[in-house]
Student: 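Sharing a structure below in structure tokens format, with a few things to ask.
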Amino acid sequence: MTGPTATVDVVVLTMNDRPAEFPRAMESLLAQRGVDLRVVIVGNGVEPDHVPDGVRTVALPANVGIPGGRNVGADALSGPGAGEFVFFFDNDAVLPAPDVLARLVAEARRRPGAAYIQPRIADPGSGVTLRRWVPRLRAGEATRPGVVTVMAEGVVLVRRADYEEAGGWPGRFFLFHEGVDLAWRLWDLGRTGWYAPGVVVHHPATDPARHAGYYRLVARNRVWLAYRRLPLPLIPVYLVVWTLLSVARIRSRAHLAVWAAGLREGLAGGHGTRRPMSWTTVLRLLRAGRPPIV
């Protein structure tokens with residue numbers, strides 16, 4: 001890595017429900033070299049356990065969700081001495097080499113127009129990179145680097161200045177699609193994202209549908225995303241395209257009923273402040289290969 005050593009603020013969330021995975025994640029994080037680390041563990045409704053020496057903690061009285069917890073962690077490390085970058089790190093992920101963060105920082109410094117750098121996430125056993133971890137439409141090409149318009153938010157490096165200007169994560173989403181919301185706001189600042197598949201992070205290949213409320217939250221948050229970030233003419237287009245895709249993909253009637261309830265919840269409101277992207281941003285996203293309707 002060239003240039004001065006970067007300070008990286010690292011935000012890790014815990015609910016004390018991964019007694020094996022969490023210590024491994026923290027061990028791999030604290031083994032990083034070539035960067036100055038400032039780490040905070042946010043207990044989402046718990047007092048964090050398995051806390052290494054010298055690591056700051058914040059205990060929240062209730063579970064505020066993943067994006068809300070990430071905001072709390074980033075805020076806890078803000079102010080004087082704040083890092084040039086914020087690294088959001090799932091507590092069941094592992095950095096398989098001690099230079100992962102230094103290499104991500106080097107990628108960021110080579111690409112000053114990129115607000116965030118996305119590593120390639122791979123299952124530690126199979127080496128498989130799931131389609132949902134590749135932040136572009138042609139997700140089958142998991143090893144091809146390039147500009148990207150969304151992010152796999154569980155493991156991502158973001159420039160703090162851009163993160164703060166964009167307003168952080170959409171806390172009210174609780175879970176799912178918060179990375180699209182943040183990425184679109186970063187692009188609306190005139191920034192981009194960069195996918196660096198040569199930098200690999202390990203994460204177990206799990207099914208997101210394992211989470212309670214998955215289908216409801218996915219449906220609700222898609223509607224909220226459209227209302228919050230899209231120009232008015234694009235909202236119905238986005239929702240129609242997404243609805244058709246969802247109905248085609250969801251095979252279970254029970255799951256479809258839950259999804260429909262989430263859709264109604266989203267349409268009822270509660271999405272928060274509307275700040276639609278400019279038409280210039282729409283065109284930039286289109287040129288980057290992913291128009292904001294899919």
Student: As an exercise, state the distance from CZ of Arg216 to CZ of Arg264, rounded to the nearest 0.5 Å.
Tutor: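 Result: 12.0 Å between the selected atoms.
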Student: Which one of Val11, Asp9, Leu104 satisfies the side chain to side chain contact (heavy atoms under 4.5 Å, CB included) criterion with Phe87?
Tutor: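 In the set Val11, Asp9, Leu104, the residue that makes a side chain to side chain contact (heavy atoms under 4.5 Å, CB included) with Phe87 is Leu104.
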Student: Where the side chain of Asn44 meets the backbone of Val64, is there a donor-acceptor pair that is under 3.5 Å apart?
Tutor: yes
Student: Could you state whether Val237 and Leu286 fall into the same hydrophobic cluster, counting links through intermediate Ile, Leu, Val, Met, Phe, Trp or Tyr residues with side-chain heavy atoms under 4.5 angstrom apart?
Tutor: no
Student: Can you hop from Val94 to Trp133 via hydrophobic side chains spaced under 4.5 Å?
Tutor: no
Student: Show your working on side-chain contact (heavy atoms from CB on, under 4.5 Å) between Glu47 and Thr57 and close with a plain yes or no.
Tutor: CA-CA 8 Å; Glu47 183 70 43; Thr57 64; 4.3 Å; yes
Student: Compare every heavy atom of Arg172 with every heavy atom of His271, then report the nearest pair and how far apart it is.
Tutor: O-CD, 3.2 Å
Student: Would you call Glu165 and Arg191 a salt bridge, taking side-chain N to carboxylate O under 4.0 Å as the test?
Tutor: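 Between Arg191 and Glu165 there is no salt bridge, as every charged N stays at least 4.0 Å from the carboxylate O atoms.
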Student: Determine, using the 4.5 Å side-chain heavy-atom cutoff (strictly less than), whether Val46 and Leu60 are members of one ILVMFWY cluster.
Tutor: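 No, Val46 does not connect to Leu60 through the hydrophobic network.
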Student: Evaluate the criterion side-chain contact (heavy atoms from CB on, under 4.5 Å) for residue pair Glu84 and Val105; output intermediate values, then yes/no.
Tutor: CA-CA 10 Å; Glu84 179 183 356; Val105 167; 5.6 Å; no
Student: Determine, stepwise, if the pair Arg228 / Thr273 fulfils side-chain contact (heavy atoms from CB on, under 4.5 Å).
Tutor: CA-CA 7 Å; Arg228 285 164 61 89; Thr273 303; 5.7 Å; no
Student: Backbone N or O of Ala152 within a donor-acceptor pair of the Gln118 side chain at under 3.5 Å?
Tutor: yes
Student: Over 60° means perpendicular and under 30° means parallel, so classify the ring planes of Trp224 and Phe173, tilted if in between.
Tutor: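 Geometry flag for Trp224 against Phe173: tilted rings.
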Student: Of all the heavy-atom pairs spanning Arg185 and Gly168, show the shortest one and how long it is.
Tutor: NH2-O, 2.5 Å
Student: Count the heavy atoms of every other residue, nucleotide or ligand shown that sit under 6.0 Å from CZ of Arg144, and state whether that count exceeds 12.
Tutor: yes
Student: Given Tyr116 and Leu182, is the side-chain contact (heavy atoms from CB on, under 4.5 Å) satisfied, shown in steps?
Tutor: CA-CA 10 Å; Tyr116 60 97; Leu182 177 56; over 6 Å; no
Student: Would the distance check show the side chain of Asp90 and the main-chain N or O of Ala93 forming a donor-acceptor pair, the cut-off being under 3.5 Å?
Tutor: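 Between the backbone of Ala93 and the side chain of Asp90 there is no qualifying donor-acceptor contact (under 3.5 Å).
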Student: Calculate, to the nearest 0.5 Å, the distance between atoms CZ and CD1 belonging to Phe174 and Ile66 respectively.
Tutor: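 If we round to the nearest 0.5 Å, Phe174:CZ and Ile66:CD1 are 8.0 Å apart.
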Student: Between Trp259 and Tyr227, is there a shared hydrophobic cluster once you connect ILVMFWY residues whose side-chain heavy atoms come closer than 4.5 Å?
Tutor: yes
Student: Hey, quick one: are Val158 and Val40 part of the same hydrophobic cluster, counting side-chain heavy atoms closer than 4.5 Å, chains of contacts allowed?
Tutor: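 Yes.
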Student: Look at the side chain of Asn91 and the backbone N and O of Leu13, then say whether any donor-acceptor pair between them is shorter than 3.5 Å.
Tutor: yes
Student: Is a side-chain N or O of Arg159 found less than 3.5 angstrom from the main chain of Ala108, in a donor-acceptor match?
Tutor: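 Yes.
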Student: Would you find a donor on one side and an acceptor on the other, under 3.5 Å apart, between the side chain of Thr149 and the backbone of Leu285?
Tutor: no
Student: Does Glu21 pair with Arg24 as a salt bridge, N-O distance under 4.0 Å?
Tutor: no
Student: How many angstroms lie between atom CZ of Arg56 and atom CG of Leu77, to the nearest 0.5 angstrom?
Tutor: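 The CG atom of Leu77 is 6.0 Å from CZ of Arg56, to the nearest 0.5 Å.
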Student: Any side-chain to backbone donor/acceptor pair from Gln32 onto Leu101? Under 3.5 Å, distance only.
Tutor: yes
Student: Just checking, Arg70 and Trp169: is the charged tip under 6.0 Å from the six-membered ring centre and within 45° of the axis?
Tutor: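 Here Arg70 passes the 6.0 Å and 45° test against Trp169.
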Student: Which donor-acceptor pairs under 3.5 Å do side chains of residues 242-251 form with protein atoms, sequence neighbours excluded?
Tutor:
residue, atom, partner, partner atom, Å
Trp242, NE1, Ser246, OG, 3.2
Thr243, OG1, Leu239, O, 2.7
Ser246, OG, Trp242, O, 2.9
Arg251, NH1, Ala248, O, 3.3

Student: Aromatic rings Phe88 and Tyr163: how do their planes relate, parallel, tilted or perpendicular, breaks at 30° and 60°?
Tutor: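 Phe88 vs Tyr163 ring planes: tilted.
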